Amino acid sequence: MTQKKRYALVGTGSRAGMFVEAITKTYPEFAELVAFCDLSQTRMDFYNEQLVEQAGVGPLPTYLAADFDKMIEETKPDTVIVTTMDATHHQYIVRAMELGCDAISEKPMTTDIDRMKAIYDAIDRTGKSLRVTFNYRYAPAYTRFRELVMEGKVGRPLAVDFSWLLDTSHGADYFRRWHREKKNSGGLLVHKATHHFDLVNWWIDSYPKQVMAMGDLLFYGKENAEARGEHYSYNRYTGVPEAKDDPFALFLDDKQVYKRLYLDAEPETGYLRDRNVFGEPVTAEDTMNVSVRYENGVLLSYNLIAYSPWEGLRVAITGTKGRIELDVSENINHLQGDGAAKESKGAFKSARMRVYPMFGESYPVEIPVGEGGHGGADPVMLRQIFSPDPPYDKFHRAASHIDGAASILVGISANRSMETNCMVNVPDLFVLPKKTTEPAK
Ligand SMILES: NC(=O)c1ccc[n+]([C@@H]2O[C@H](COP(=O)([O-])OP(=O)(O)OC[C@H]3O[C@@H](n4cnc5c(N)ncnc54)[C@H](O)[C@@H]3O)[C@@H](O)[C@H]2O)c1
């Protein structure tokens, strides 16, 4: 019998639920969760209660963040899963490796160049591995898009147009909590767009070379609201009667999972999950345009808006032999889940994919449908991570620290470009290895 791999998890917020459920319910034959670590004892206790009630596992040993080393020493995990706030990922990735563990990190790998260098340095010193969980690659529709490029439907890719719209539920959620301060998340061009830049890097099989960006905070934040004549007397929503009819409100006492994970934990860490999106401070942009030139010559034009009436994306790749287009409208249903592991964000409401040969009739492409979170992506990725014999993946979807870096380098360079009003040469910030695979024909 294969020996079970031992996992410890640091960062017991909402995203942790997907990993906890995968290890304890879907892959318990092959994987074992051995400990939790977080700033909040309340959040760790909540996960332990769920484990005992729903999976008959645990309670697991819990360790406050200051006792991370003690956790590794006492519970001896093979791999540490990092699902903390973005700007803290590097601390745990680096320390886990120094203490002899591999690491799996949620996206974004980290938020700036110094943190990225610290991760690379730890990998060099320890020889340990890092996997970045870019689940979007595994969504059947995005995998099919990659397959069309691999099949040569566009010939050699030359241009990518990509617009991503976050709606007033999901997009707003980044402005209710820690993401809205760039020091925590790198802003949405790092925190959110890391998914999108990773998809482009992977679809066209290249790395970014030059980046120019513009971005502003045009909708959220106190100043924008007041300029529109909207005034708010409250800094958060929960427990505020005047917020009752506010369409942006999130009430943490409405849903058990929010109450237990966030409201009950406030006295410990002061983390407010329901801040008024029209309050202060907000340092992240909500409207962004980015132009990228890739090493293989492809030009990308990318837009991100965080206050759209509908959620989804429009992407097209045009090349020497044709064009493929994909339009997706997502059924975000963002605030409906009750139960830490039950969110099914990003399920597709409708989707359209079409190939336009350079000369010839265009035709539709069937979009494979997947069950589960993020358009069916999460279960496929979890199988690749936790099953001992994952099927061979011709799409090479498992993302390394190099992929993690290649995607955040676009966002970090875009942030630099916005600060300086100049184009950024990516290798001036960080040199990525040369691509070893041939570009798609
Ligand atoms: N791949 C995806 O689709 C996806 C979806 C959601 C979130 N995420 C990622 O998962 C991570 C967590 O996001 P979330 O939505 O669960 O956030 P969250 O705020 O619900 O949870 C974050 C947790 O990290 C803990 N934490 C913060 N600083 C810490 C520190 N210094 N040491 C230890 N613990 C610390 C907090 O106490 C909290 O429990 C983020 O990196 C986010 O980008 C990825």
Side-chain angles (χ1 to χ4, degrees), residues 8-20 35-47 62-68 71 80-93 95-96 104-111 115 131-139 142 166 170 173-174 176-181 183-188 190-196 198-199 250 252 257-258 260-266 268-275 330 332 334-335 337 340-341 343-347 372-378 381-382 385 399 404 407-408 411:
L9 183 141
V10 53
T12 51
S14 120
R15 184 61 172 165
M18 181 192 77
F19 292 100
V20 172
F36 289 127
C37 178
D38 199 282
L39 295 174
S40 160
Q41 187 63 47
T42 308
R43 279 193 275 281
M44 292 190 284
D45 291 347
F46 173 69
Y47 270 101
T62 57
Y63 297 83
L64 288 172
D67 292 326
F68 179 82
M71 171 180 82
V80 173
I81 298 174
V82 182
T83 49
T84 57
M85 186 176 80
D86 304 347
T88 66
H89 289 177
H90 68 296
Q91 291 169 17
Y92 295 106
I93 295 169
R95 195 63 190 140
I104 293 176
S105 172
E106 255 306 343
K107 50 53 58 176
M109 184 172 86
T110 184
T111 52
R115 289 172 165 93
R131 179 169 186 153
V132 181
T133 48
F134 281 126
N135 47 340
Y136 282 30
R137 289 182 177 205
Y138 296 85
Y142 307 149
L166 297 166
H170 188 202
D173 212 35
Y174 298 116
R176 295 191 185 101
R177 48 187 182 139
W178 50 263
H179 313 68
R180 73 192 208 168
E181 292 184 71
K183 67 176 181 0
N184 298 328
S185 63
L188 290 186
V190 173
H191 172 81
K192 186 67 195 171
T194 186
H195 275 308
H196 314 149
D198 176 66
L199 283 176
L250 167 67
L252 297 179
V257 65
Y258 285 134
R260 298 295 311 282
L261 275 182
Y262 304 110
L263 193 60
D264 293 353
E266 282 176 14
E268 278 174 306
T269 65
Y271 171 15
L272 300 184
R273 171 72 179 79
D274 62 336
R275 290 155 89 185
E330 286 189 1
I332 199 69
H334 187 65
L335 304 173
E343 289 183 339
S344 182
K345 290 189 214 164
H374 295 96
D378 291 351
M381 179 184 75
L382 293 167
I385 295 176
S407 91
I408 51 173

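Counting starts at 1 for both ligands and their atoms, in listed order. The structure displayed is predicted, hence computed values, not measured ones.
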Inset, instruction - Specify side chain, backbone, both or neither for T83, according to which of its non-hydrogen atoms lie closer than 4.0 Å to ligand 1. - result: backbone
Inset, instruction - Give me the ring orientation class for H195 and Y136: parallel if the planes are under 30° apart, tilted from 30 to 60°, perpendicular past 60°. - result: parallel
Legend entry - Donor-acceptor contact present, side-chain H191 to main-chain D86, <3.5 Å: no
Inset, instruction - Answer yes or no: does an N/O atom from S40 fall short of 3.5 Å to an N/O atom of ligand 1? - result: no
Legend entry - From the candidates R177, M85, R15, Q91, the one that places a heavy atom nearest atom 17 (O) of ligand 1: R177
Inset, instruction - Verify the ring-centre separation between F68 and Y92: is it less than 6.0 angstrom? - result: yes
Inset, instruction - Using heavy-atom distances, let me know which of N135, L261, D38, V10 sits nearest atom 36 (C) of ligand 1. - result: D38
Inset, instruction - Flag the pair R273 and D173 as a salt bridge only when some basic side-chain nitrogen lies within less than 4.0 angstrom of an acidic carboxylate oxygen. - result: yes
Inset, instruction - Under 4.0 Å, heavy atoms only, figure out whether ligand 1 is touched by the backbone of H191, its side chain, both or neither. - result: side chain
Legend entry - Interatomic spacing from OH in Y138 to CD1 in I385 - rounded to 0.5 Å: 6.5 Å
Legend entry - ligand 1 contact by H195, heavy-atom criterion under 4.0 angstrom: yes
Inset, instruction - May I ask whether F134 places a heavy atom under 4.0 Å from ligand 1? - result: no
Inset, instruction - Applying side-chain hydrogen bond (donor to acceptor under 3.5 Å, both in side chains) between T133 and each of R15, K107, E106, report the one that passes. - result: E106
Legend entry - Min N/O separation E106 to ligand 1 under 3.5 Å: yes
Legend entry - Sub-4.0 Å heavy-atom contact, M18 with ligand 1: no
Legend entry - Proximity to ligand 1 by part of T84, non-hydrogen separation under 4.0 Å: both
Inset, instruction - For ligand 1, indicate whether the residue W178 contacts it via side chain, backbone, both or neither (heavy-atom separation under 4.0 Å). - result: side chain
Legend entry - Atom pair CG/OG1 of L263 and T42 - distance to nearest 0.5 Å: 10.5 Å
